[in-house]
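Numbered from 1 within each chain, the chains take letters A, B, ... in sequence-line order.
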There are 2 protein chains.
Amino acid sequence: MQLNQATDYAFRAVLHLALAGTGQVVEAQSIAREQSIPMRFLLKIMRSLVRGGIVRSYRGVGGGFALARPAQEITLLDVVQAMEGPIRVNRCLVDPRYCSRHWSQHCPVHQALGQVQSALAQALASHTFADLALGVRAGPTRG
Amino acid sequence: MQLNQATDYAFRAVLHLALAGTGQVVEAQSIAREQSIPMRFLLKIMRSLVRGGIVRSYRGVGGGFALARPAQEITLLDVVQAMEGPIRVNRCLVDPRYCSRHWSQHCPVHQALGQVQSALAQALASHTFADLALGVRAGPTRG
DNA sequence: GAATACTATACCCGTAAAGTATAGTTTAGG
DNA sequence: CCTAAACTATACTTTACGGGTATAGTATTC
């Protein structure tokens, strides 16, 4: 029940780009350095974010990465999904092989977890990187 | 971002006991058989639930397991915590070693994930095993 | 006191997380 | 058009953990 390290790094990287400004190209080198992310691992992460349509990449001299759309249109959920695929609290929610034990179609655990999963997705979707960037600029609020 | 198999089994086991009735002793053998859980693995799981104060165990001939308190006082959250420890969406929320990158105390990612985690805990806590048991008895509702 | 049923540790194996390495492709600029 | 900069693709390594099994032990009932 935990996000993995790569996803956490991805949050920092996207926030970094959001702070630079939408469309502003930043090279991996500087993201890695300032966010303390191992360079090669960051590049791997960035490729997932590119595939997910969250950032754009620019190759060659003067290249780098930039947000593919405004920060207020990128949520935590978008990043989690780009990094880890669709969220699923329990594989039984998605793979019928794991849900046919004894109650088959009408399993109450299944139903309850479905609601939990929706709540989780909604919570993740309610935070945009514009909000987060604001949080940084506003200074310490120690939530 | 997924509950593990042991936790899923634990849900089934606790629900099984809830259906038997609070205080009603059921032996592991029959839980394992009816819920399709490997016997020895189930015993391991039950020990976590005992430690977590969710079920009581009875040794010796005629022994087994029973809910330690009424089903309406046991939530999905209780079981998750008994099985996996306190939920934490990101280790940075709990281990300062993982949160001091660049923004140190006032990290906006940290704050946002804190809210997500609260939402998740609340969603899990909103389902009791009395509710789930009702769902079973009510028959297929296909949520 | 023997059979039953849970307890405690410790072990095993496969897979995935986390990170590294090597080779390749695109682009800017001289 | 060649070179260096910067991302891409793939594959590999290492470690940890999930999922499960095995062995020996302890309590309880009859």
Side-chain angles (χ1 to χ4, degrees), chain A residues 1-13 17 24-33 35-52 54-68 80 83-85 88-92 95 97-98 101, chain B residues 1-13 17 24-33 35-52 54-68 80 82-85 88 90-92 95 97-98 101:
Chain A
M1 213 60 224
Q2 192 178 331
L3 296 165
N4 61 31
Q5 186 63 23
T7 302
D8 185 51
Y9 285 153
F11 289 153
R12 319 283 171 176
L17 293 177
Q24 186 61 236
V25 176
V26 179
E27 63 180 285
Q29 197 66 248
S30 98
I31 301 175
R33 188 179 351 96
Q35 302 299 328
S36 309
I37 304 172
M39 175 66 177
R40 292 193 155 283
F41 194 32
L42 173 65
L43 287 171
K44 189 176 183 175
I45 288 164
M46 294 315 282
R47 266 180 290 119
S48 296
L49 294 176
V50 169
R51 263 202 308 276
I54 291 171
V55 310
R56 285 203 53 186
S57 68
Y58 300 88
R59 291 160 72 148
V61 179
F65 298 90
L67 294 188
V80 170
M83 296 302 300
E84 308 188 6
R88 44 180 204 167
V89 163
N90 188 324
R91 52 184 174 177
C92 85
D95 186 337
R97 259 188 315 148
Y98 293 104
R101 60 176 96 268
Chain B
M1 214 60 227
Q2 193 177 331
L3 295 167
N4 60 32
Q5 186 63 22
T7 302
D8 186 50
Y9 284 152
F11 290 154
R12 318 283 171 177
L17 293 177
Q24 184 62 236
V25 176
V26 179
E27 64 180 286
Q29 198 65 251
S30 99
I31 301 175
R33 187 177 353 95
Q35 302 299 328
S36 310
I37 304 173
M39 175 64 177
R40 293 193 153 283
F41 195 31
L42 173 65
L43 288 172
K44 188 175 182 175
I45 288 164
M46 295 314 282
R47 267 179 290 119
S48 297
L49 293 176
V50 169
R51 263 200 308 276
I54 291 171
V55 309
R56 284 203 53 185
S57 69
Y58 299 87
R59 291 160 73 149
V61 178
F65 298 90
L67 293 189
V80 170
M83 297 302 300
E84 308 188 6
R88 45 180 204 168
N90 189 323
R91 52 183 174 177
C92 85
D95 186 337
R97 260 189 313 150
Y98 292 104
R101 63 175 96 267

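Whole-Å rounding puts the A:Glu27 CD to D:dC7 P distance at 6 Å. Atom pair B:Arg56:CZ and C:dA5:P shows a separation of 18 Å (rounding to whole Å applied). Note: CG (B:Leu43) to C1' (C:dT4) measures 13 Å, nearest angstrom. One interatomic measurement links the two molecules: CE of B:Met1 to P of D:dG18, which rounds to 14 Å at whole-angstrom precision. Between B:Arg51 atom CZ and C:dC6 atom P there is a gap of 16 Å when expressed in whole angstrom units. To the nearest angstrom, C1' of C:dC6 lies 14 Å from CG of B:Leu49. Between the CD1 atom of A:Ile45 and the P atom of D:dA9 there is a distance of 16 Å, given to the nearest Å. We find that CG of B:Asp8 is positioned 15 Å from P of D:dG18, with the value rounded to whole Å.
Residues A:Ile31 and A:Leu17 form a side-chain contact, since some pair of their non-hydrogen atoms from C-beta on lies under 4.5 Å apart. Contact annotation: the side chain of B:Val80 approaches that of B:Leu3 to within less than 4.5 Å [non-hydrogen atoms, C-beta and beyond]. By the 4.5 Å heavy-atom criterion applied to side chains, B:Leu43 and B:Phe65 are counted as neighbours. Looking only at side-chain heavy atoms (C-beta outward), A:Arg56 and A:Val25 stay at 4.5 Å or farther from each other. Considering only heavy atoms from C-beta on, B:Gln2 stays 4.5 Å or farther from A:Val89 through its side chain. With a 4.5 Å cut-off on side-chain heavy atoms, B:Val55 and B:Met46 count as touching. Using a 4.5 Å cut-off on side-chain heavy atoms (C-beta onward), A:Asn4 and A:Glu84 make contact.
Heavy-atom distances to DNA chain D give each of A:Gly63 and A:Arg47 a nearest nucleotide, and the one nearer the 5′ end belongs to A:Gly63.
Taking 4.0 angstrom as the limit, A:Ser57 places none of its side-chain polar atoms (N or O) nearer than this to OP1 or OP2 of D:dA6.
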Would you tabulate the nitrogen or oxygen pairs shorter than 3.5 Å linking the protein to nucleotides 27-30 of chain D?
| unit_1 | atom_1 | unit_2 | atom_2 | d |
| --- | --- | --- | --- | --- |
| D:dA27 | O4' | B:Arg59 | NE | 3.3 |
| D:dA27 | O4' | B:Arg59 | NH2 | 3.2 |

message: For A:Gln35 and A:Leu42: C-alpha separation, side-chain torsions, deciding distance, then whether side-chain contact (heavy atoms from CB on, under 4.5 Å) applies.
response: CA-CA 10 Å; A:Gln35 302 299 328; A:Leu42 173 65; over 6 Å; no
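Taking the six-membered ring for Trp and the full ring otherwise, A:Phe41 and A:Tyr9 have centroids separated by under 6.0 Å.
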- prompt: Going 5' to 3' along nucleotides 14-20 of chain C, which nucleotides have protein heavy atoms under 4.0 Å from the base (write B), which only from the sugar-phosphate (write S), and which from neither (write -)?
  reply: ----SBB
